[in-house]
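So you know, we letter chains A, B, ... as the sequences are listed, proteins then strands, and number each from 1.
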Amino acid sequence: MPPNITTTLNTARARTYVFRLPLFTRVVIIAIVGFWIAGLQSVVDVREWGALIPDEMGITTLYRMNTFPFIHLNVLHAVMNIFALTPLMERFEGEYGTLNCLALFFGPLTTIPALLYVGVEKFVFGGNVAVMGASMWVFLLLAVEAIKTYKVNPRFVIGTYSIPTWTTPIGLLFAMAVLVPSSSFLGHAAGLVVGYGAGLGYVKFLAPPEKILRWIEGKLNLLGRLPHYVSIDQKTYGRFGVLPSANGASAASPGVSLGLVGSTQRLASALALRRDPRILKIPPYLSLLCILVGAVWLFLLPLNEYSRRTYISENALLPGQVHTYFGGSDQNVFRAYKKEVNELVGKGNVEINDKLESIVKALGLKTARQNFTYSAAGRTFAGENLYAILQAPRGDATEAIVLVAAWENVRHEVNRNGVPLVLTLARYFKRWSLWSKDIIILLSPDSIAGPQAWVDAYHDAHDSSKVASLPIKSGALQGAIAIDYVQEQRFKSVHIVYDGVNGQLPNLDLINSVVNIAGGQMGMGVALQEMWHHNDKYPDRLRTMLRGMLKQGLGLASGPHSSFIPYHVDAVTLQPFGEGWQDEMAMGRVVEGTFRSLNNLLEHLHQSFFFYLLMHRERFVSIGTYLPSAMLVAANFTIMAIFLWMKSGQPDAPAESTDKTPTPTVERDLFLPLAVVTLSGSLSAIPLYIFNHVPESALTPLFLLFLIINTLLPIAISLLSTHLFPSSPPTLQQYHLIKSFSLLLLGMFLSSLATLNFSLAMLIGMLSAPLSFVGPSSSLVSRIAGFALLNFTSPPAVLLASAAVWGLNVGDVLREAAVAWHVTGTYSAVVVWCVWWPAWLAGCVCVLGRTEDKGGKVKEA
Amino acid sequence: MNGGKVTVGRTAALYAGAAVLRLAIFTLLPDLPDLLTGRVEVSTPVTSFKRLQEGLFLYNHNVSPYDGGVYHQAPLFLPLFSLLPNALSYPIFTYLLYIAIDLLSAGALWKTADSGEAGSSALFTSPRRQRRWNGFVIAAIFLFNPFTVATCLGRSTSVFTTCAILHAIAKAVSGAPFGAMVALAFASYLSMYPLLLLPPLLLLCYDRQRTERVKKPVISFAATHVPVVFGVLGLLFGMSYLITGSWEFLPSTYGVQLTLSDLTPNVGLWWYFFIEMFDSFRSFFLAVFWLHLSCYVGGLSVRIRRQPLVVLTLLLGIFAIFKPYPSISDTSLFLAMVPLYRHVFPLMRYSFVIAAVIMYASFLGPAFYYLWIYAGSGNANFFYAITLVWGLGQSLLVCDLMFAVLRDEWELERPEMAGKEIKQI
């Protein structure tokens with residue numbers, strides 16, 4: 001075996017290697033590059049001129065035998081061959097001298113394989129495949145090297161089999177033939193054969209006599225004139241000419257072993273790169289860069305270059321292609337229904353349902369009711385849903401679309417126009433014979449709990465102690481449209497609300513269809529995210545996008561449609577707004593057009609995007625474009641975790657090692673770090689449970705109490721860990737490990753979350769970004785500063801601050817969160833309390849760690 | 001963490017703690033076991049508790065359990081589970097059975113750990129063997145491993161195989177080759193793939209024979225013990241035949257594993273590949289995949305002949321990656337064996353990367369499966385990509401452990417190289 005030599009890499013070594021390349025090797029490299037550059041122009045076809053083409057061989061074209069190794073197909077081919085050839089050629093030249101190399105490579109070592117190739121290709125196979133490139137030389141030199149290795153080290157052992165070392169280039173030959181389809185097997189094989197011959201010494205007779213070469217060298221004083229020239233006479237002059245102090249004996253070292261040592265060192269240096277102390281300085285900056293790039297990325301998205309125009313992907317939808325007939329006498333029907341509905345305002349849920357049921361029954365639809373009772377934050381949300389099924393004249397009840405009108409919208413205003421409009425539409429739809437999907441009319445008492453109970457029960461996913469089962473059902477739901485039409489006067493535009501529970505979104509095709517029908521066919525405006533005026537410029541786009549992200553991140557239900565989306569039923573709520581000249585019939589026609597499109601669907605909406613950020617009604621970015629920003633933010637935590645892990649493995653006192661050998665990693669003490677991380681993780685169940693289960697009145701006082709405890713808790717844990725083990729207080733290594741584990745978990749959760757709810761992951765990632773950069777310190781000031789910084793970005797502080805910014809009451813915010821948790825199953829609270837908060841707690845414990853810079857041990861203050 | 005003397009009290013406390021944890025989850029979160037039973041990461045077509053229920057129902061109604069093509073497990077499970085009260089009305093008995101099996105497995109692991117075979121086998125004694133964990137710690141790591149707990153809660157029948165394999169190993173290290181062979185036969189009967197463990201297990205038995213016995217050559221040792229395995233297997237097949245009344249169970253249980261006829265997704269690498277495959281290539285690639293799975297046995301047994309327990313551990317890791325229907329249960333078995341090699345942990349190079357990859361995969365896997373199956377916004381490639389990462393994490397662990405063990409052996413030969421960095425060239 002060749003000796004195992006331990007070296008560290010250094011770039012200086014690689015540089016000297018390049019600077020000391022011998023002359024002929026340089027010339028070859030320059031020639032290859034030169035021919036490649038020459039091949040860039042199109043006047044003269046260099047490849048046609050210089051390649052080795054069997055049929056072109058004649059007495060005048062013999063030059064091809066020498067030019068073909070310099071000419072390459074493309075830049076990749078050239079670069080690969082240069083990389084393969086350089087070390088081999090360098091060794092060969094170092095051993096035999098520049099002059100010898102020149103003679104051999106412009107003579108026998110090129111022409112013999114070329115003749116061999118042409119002979120076999122032309123006369124045996126009858127083909128005419130042109131070859132070019134230096135890979136023939138590579139194989140030739142490899143074969144020479146293999147024979148040389150074989151003489152020193154005849155076989156290597158795999159398991160119980162010993163394999164002769166000279167066979168390795170053959171393996172490579174076959175590997176190349178398989179992996180690189182355009183490579184010439186025959187050309188390589190020709191090189192290999194000649195190489196083996198050369199290695200075994202059968203080609204020696206072709207080499208120019210040494211005496212003559214020496215004479216030339218001496219006469220021309222090549223050694224003195226040419227830089228990097230390697231002499232023929234190694235015995236006298238060594239590899240790189242005469243060394244000042246070298247006498248004949250010490251300079252004489254066999255080329256073989258020299259070469260081997262060199263190559264081993266090069267290989268080792270690449271591996272030793274990861275132990276280089278300089279590498280360890282990079283991660284914090286890399287981490288910061290990740291966050292910055294992630295944030296900047298987000299702000300680039302609204303630009304035209306990064307966002308795309310929306311388009312209808314599902315061809316079956318054909319939005320706006322049908323004539324809509326709703327109107328005319330339906331106006332009178334609408335007014336009649338509206339009068340009936342107006343009389344019901346202020347009455348009880350059951351009474352309203354009795355009346356509405358009689359109306360719907362009169363239309364000839366099958367009706368049913370469903371009771372539900374949710375309790376959250378000390379309140380009870382009970383009610384009764386009324387729904388009716390219009391059986392499709394042309395369908396088989398395997399698919400259905402839903403039309404929803406809640407009696408009250410999310411702001412608790414009575415849906416005065418929406419309910420009569422839905423009733424009118426039901427009557428109108430009943431008269432058409434073109435429906436191929438059942439239409440379900442759902443009239444729920446409120447906008448969140450009612451639809452949620454109904455959808456849960458429709459999919460048999462309900463808790464039957466709270467929500468009653470549905471007595472009648474139809475087929476799989478294909479889509480849902482909710483109408484929230486409170487405004488009494490004529491409207492100008494339609495506002496599309498599309499955020500689902502937990503940040504899930506409906507298929508973009510549905511939104512595009514509505515935009516197309518309302519905006520294109522009906523000529524009314526369309527707005528998103530409460531942007532009542534949108535000029536499609538950068539600030540408005542950014543605002544729309546950020547509002548969408550905030551809503552998505554909170555994960556709350558934003559309308560009756562929200563509950564449908566988790567069941568993979570694409571749904572939106574339509575809200576008319578503004579003062580204009582559109583009347584109820586126009587709104588009805590928008591719904592009619594959308595339903596006709598949904599009716600066309602042959603399969604579930606699946607073509608377009610489910611993950612997108614809308615910034616204008618006709619502009620969006622898809623997941624591929626925006627996800628990297630959240631992933632970069634999550635990656636910053638992982639990078640820091642890996643960095644801290646590596647750092648914790650280094651010995652406490654970094655002794656100035658002069659020999660640059662990597663210090664062995666020290667044993668890590670994992671118990672305390674794992675205990676702290678587990679403790680902070682399990683403590684997180686407490687706030688999660690408390691804030692979801694106490695009555696409304698206790699929420700605000702409890703929150704304030706929690707705010708105080710939250711500040712004191714890290715201090716308590718820090719003191720406890722120091723005083724519990726007074727003999728061995730936590731070391732710097734343990735603090736590094738605590739931070740490493742907690743950041744690893746945070747990064748892991750956030751990157752998983754980014755695939756489910758991008759905005760929430762991004763939000764939490766940005767808010768917990770300081771955790772990456774604050775750590776234990778020896779100075780009291782920096783400890784206090786770090787702790788203060790963390791306290792300003794703690795989950796409860798952020799909650800308090802954002803409530804203040806939006807002018808909300810903290811108690812109301814917490815109540816909404818608790819209601820969302822119990823009714824719609826919003827998991828944002830889990831993310832805040834069980835992902836963010838434990839990471840924050842562990843980060844605080846680290847910041848409070850008292851350490852000395854050098855010693856690594858905690859000093860008793 | 002070498003711990004002091006393990007007292008009876010500590011043992012009882014460990015077992016009681018593990019049992020109470022499982023019982024508490026069973027009773028406090030009654031929906032969780034059923035949720036886990038339905039998860040593809042826990043239940044595969046050949047180990048699922050739901051499918052067992054189906055087979056049991058058919059069996060109790062005098063219909064062949066293999067009718068309908070849902071049940072693919074060994075026939076002897078049926079009389080065992082029919083003895084228990086119905087799992088739906090009295091689930092506690094099923095829970096207790098599964099908890100008992102886990103504790104039995106832990107007991108076998110404990111014995112294996114305390115034998116010290118991992119650090120010093122008949123032919124090799126590691127210079128680092130002092131740094132080891134005792135049986136208590138190793139049993140605790142196994143019992144409180146989340147993967148083990150999830151498997152127990154999901155009531156996957158692979159726990160029986162795990163138990164049989166661990167007992168086979170425990171018997172082998174305690175010098176009871178006959179018992180080891182019988183246990184291996186049971187494991188093979190339940191899941192088939194453990195039969196591949198026979199060569200290293202034989203070597204382990206041979207090395208750990210009681211010294212008072214005259215050492216026979218390996219060949220004659222094998223000749224006397226291999227028939228035991230096949231004898232017991234034959235006996236079990238005969239009993240199965242008597243119970244089900246036909247040989248139908250052979251194609252329905254082992255045939256499914258061999259031909260991968262059920263393509264339900266799982267954490268392994270086979271299903272996606274065979275979904276994509278044209279039918280004409282199917283049999284060829286089935287042969288290739290099985291050949292690949294079994295080719296490790298010979299190589300590892302020869303190369304690491306001096307430490308047969310290492311071979312068993314590595315093979316369990318390889319099976320957890322490459323077998324046709326792997327689940328987290330197989331990973332938990334592998335992870336149960338790895339801590340036996342505490343003494344070579346300092347030689348491992350990628351422990352942090354491995355831990356991070358396995359953790360990432362175990363969180364991203366369910367998320368991507370959700371996106372594919374429930375949210376409908378992802379597709380099968382999402383989940384398959386993450387199973388590739390999962391496989392990568394485990395294969396890194398296998399490779400790194402193998403490196404550490406070989407390095408440990410090598411440093412005994414070349415003491416001057418101990419602690420130095422080496423390069424493969």
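- The part of B:Tyr370 that comes within reach of chain A is its side chain, from C-beta onward, which places non-hydrogen atoms under 4.5 angstrom from that chain.
- Salt bridge annotation for B:Glu413-B:Arg306: present, with a cationic side-chain nitrogen under 4.0 angstrom from a carboxylate oxygen.
- If you measure heavy-atom distances from B:Phe345 to chain A, you find no contacts under 4.5 Å at all.
- The most heavy-atom pairs under 4.5 Å with chain B, out of A:Phe610, A:Phe611, A:Phe609, A:Trp645, come from A:Trp645.
- Here the shortest heavy-atom pairing between A:Tyr612 and A:Pro506 reads OH-O, 2.6 Å.
- In this structure, B:Phe383 has its ring center closer than 6.0 angstrom to the ring center of B:Tyr369.
- In this structure, A:Ser682 contributes its side chain and A:Thr678 its backbone to a donor-acceptor pair below 3.5 Å.
- In this structure, the portion of B:Leu371 lying under 4.5 Å from any heavy atom of chain A is its side chain and not its backbone.
- Heavy atoms of A:Ile565 lying under 4.5 Å from chain B are absent altogether.
- With ring centers used as reference points, B:Tyr272 lies 6.0 Å or more from B:Trp372.
- Residue B:Ile354 is tested with B:Leu396, B:Leu392, B:Leu401 for a side chain to side chain contact (heavy atoms under 4.5 Å, CB included); the sole match is B:Leu396.
- For B:Phe363, the parts sitting under 4.5 Å from any heavy atom of chain A are the backbone and the side chain alike.
- In this structure, chain B has heavy atoms under 4.5 Å from both the backbone and the side chain of A:Ser751.
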